[in-house]
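Every value quoted in this text rests on a predicted model; they were computed, and no experiment measured them. Throughout, protein chains are lettered first and strands after them, A, B, ... in sequence-line order, and every chain is numbered starting at 1.
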There are 4 protein chains.
Amino acid sequence: MITIDPRSSTPIYQQIVDKIKENILRGILLPDQKMPSVRELARLLPTNPNTVQKAYRELERQKVIYSIRGKGSFIAAGFKHRIDQEKLQEITENLKHCLVEAHYVGIDQNKIQEIINQIYQEITPIKKRSK
Amino acid sequence: MITIDPRSSTPIYQQIVDKIKENILRGILLPDQKMPSVRELARLLPTNPNTVQKAYRELERQKVIYSIRGKGSFIAAGFKHRIDQEKLQEITENLKHCLVEAHYVGIDQNKIQEIINQIYQEITPIKKRSK
Amino acid sequence: MITIDPRSSTPIYQQIVDKIKENILRGILLPDQKMPSVRELARLLPTNPNTVQKAYRELERQKVIYSIRGKGSFIAAGFKHRIDQEKLQEITENLKHCLVEAHYVGIDQNKIQEIINQIYQEITPIKKRSK
Amino acid sequence: MITIDPRSSTPIYQQIVDKIKENILRGILLPDQKMPSVRELARLLPTNPNTVQKAYRELERQKVIYSIRGKGSFIAAGFKHRIDQEKLQEITENLKHCLVEAHYVGIDQNKIQEIINQIYQEITPIKKRSK
DNA sequence: GTGGTCTAGACCACA
DNA sequence: GTGGTCTAGACCACG
């Protein structure tokens, strides 16, 4: 369900965070569903428990999951986010970086649009629920 | 013309690379135009010459600029890049990361579209040139 | 009467201890009154009997309650504690932590005073009894 | 300047976070001042660099400090905080816990008031600056 | 069993 | 030199 690329330049813990958020958006991970334990996920990936722990801690800080000591970690329900101006700025910067890079290797706006639409299809669950 | 944010998490040399490529796309830097010398740019930003050096090396590696011994560095002409499959993969991953993050802070697809269009306006030169 | 939050970072057994002491201060639990049995309270909360057991042990250690074999646990009478220097130190540290945190999120001294007064109103029983 | 108590039940990294925030409020650490490096502070306390790193990471997340790779960590300027409702709730809970504990060991409201005033004297810098 | 903390030691990218 | 990441292995409190 979650796979990581140990050769990627993006840190493993970051990849874990990303993949889990993606799976939630896709509707694969549902609210209050139990996550694999730190040790279990570490064994599956495989990676070090500390690395998974770091990812889980980050996810908890972002209120994507919540942890109960002795019980495990669970998907948080209802993410009601106010739009954070700083976060918006950061995303815009990152998007610009992507588009400049793409433009530079000869990927034009149409191709980009195509890719974006495809991503949105992936991360939108089939049964659309009203927010 | 180029401004960098030393507090940003993206490395300074990377910021320099990005900004120069962006300026080329915008038509502000033109083919065969002379770049400022390493020391000069380092003094302007301001940053460490080693950092600028690293940025220039990276730009040269990507064939965005070329160097002539004893003369300086110049903008390369005609970016005719075939689409590199690995690069495409990387950009797609990065785009997905952006969109997931955006989705999570409550930025919907329409808003994203708006931002992307704005970016394209920025990075497209006024006098459109055929490649 | 007692509610616990299983998602809180403070351990459940600690929450139970706190709530019981609070209820005693409020005059809701009276001296020599019988406490619910471990199993009963565990069923009510709901939580694990082991957790309630741990809370009761802690309360007994602090002489807040006393147990009679085969009868149950009861609220201790007259909390006449001399001021323990270590405990005082601990409370002072904890208070400082609270005030620093408060200061940092923009809660000023007046607001803090207001909150403290409100708490004292809550934990003071209506019929004031001389100790 | 910073001392930690390795026997305390509060984690070392948390103690570091607290002490640094306290020192900032006291006016001992000033905006844009350089912090000791991760390794240096670890050597001074003494503790493990990873523990200090964890503290610094947390401080950076809270925007109390900012880090520049290759340069070091620095005190952030101007903490303009909106009052977070959840944080307020957490602080109130924690304060209540303190007051109940205090009440229980025989520290009355007057004594508490005295302690609080003393803490406020400590954490308020001599030259009061308008926020 | 669970998550939380800490240590020791390593490697990397960056300035 | 700096901070950032990762591994291996340990101990603890909690439920």
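Taking atom CD of C:Q53 as the reference point, atom P of F:dG15 lies 14 Å away to the nearest angstrom. D:E58 places its CD atom 17 Å from the P atom of F:dG3, with the value rounded to the nearest Å. Here the C1' atom of nucleotide F:dG3 and the CG atom of D:L59 are 14 Å apart, to the nearest Å. As rounded to whole Å, 6 Å separates atom C1' of E:dG4 from atom NZ of D:K54. Regarding B:Q14, its CD atom lies at a distance of 17 Å from the P atom of F:dG4, rounded to whole Å. Between the CG atom of D:L45 and the P atom of E:dC6 there is a distance of 12 Å, given to the nearest Å. Residue A:N48 contributes atom CG, which lies 17 Å from atom P of E:dG9 at whole-angstrom precision. We find that CD1 of A:I16 is positioned 8 Å from P of F:dC6, with the value rounded to whole Å.
No hydrogens or angles considered: nothing links the side chains of B:Q85 and B:Q89 as a donor-acceptor pair under 3.5 Å.
Of the residues near DNA chain F, A:T10 and A:I68, the one whose nearest nucleotide (by heavy atom distance) lies more toward the 5' end is A:T10. For D:K34 and A:T51, each mapped to the nucleotide of DNA chain F holding its nearest heavy atom, the one lying further toward the 5' end belongs to D:K34. Place D:I12 and A:K71 on DNA chain E by their nearest nucleotides, and A:K71 ends up nearer the 5' end.
When each of F:dG4, E:dG3, F:dC6 is scored by its nearest atom to the side-chain atoms of D:R69, the top-ranked nucleotide is F:dG4. When the nucleotides F:dC6, E:dC6, E:dC14 are ranked by their closest atom to the side chain of B:Y13, E:dC14 comes out on top.
The base of F:dG9 lies close enough to the side chain of A:N50 for a donor and an acceptor atom to sit less than 3.5 Å apart. Side-chain atoms of D:R39 stay outside donor-acceptor range of the base of F:dG1, with no qualifying N/O pair under 3.5 Å.
Contact check, D:T47 against E:dT7: a side-chain N or O comes under 4.0 Å of OP1 or OP2. A:S67 has no side-chain polar atom (N or O) that falls below the 4.0 Å cut-off from OP1 or OP2 of E:dG3.
In this structure, E:dA13 and F:dT2 make a Watson-Crick or G-U wobble pair, each of the two defining distances being under 3.5 angstrom.
Salt bridge status for C:E22 with C:K19: absent, with no side-chain N to carboxylate O gap under 4.0 Å.
Remark: the backbone N or O of A:V100 is not paired with any side-chain donor or acceptor of B:K21 at under 3.5 angstrom. Using a distance-only test at 3.5 Å, with no hydrogens or angles considered, no donor-acceptor pair links the side chain of A:E101 to the main chain of B:I91.
Among the candidates A:I20, A:I24, A:I75, the single residue satisfying the side-chain contact (heavy atoms from CB on, under 4.5 Å) test with A:L59 is A:I20.
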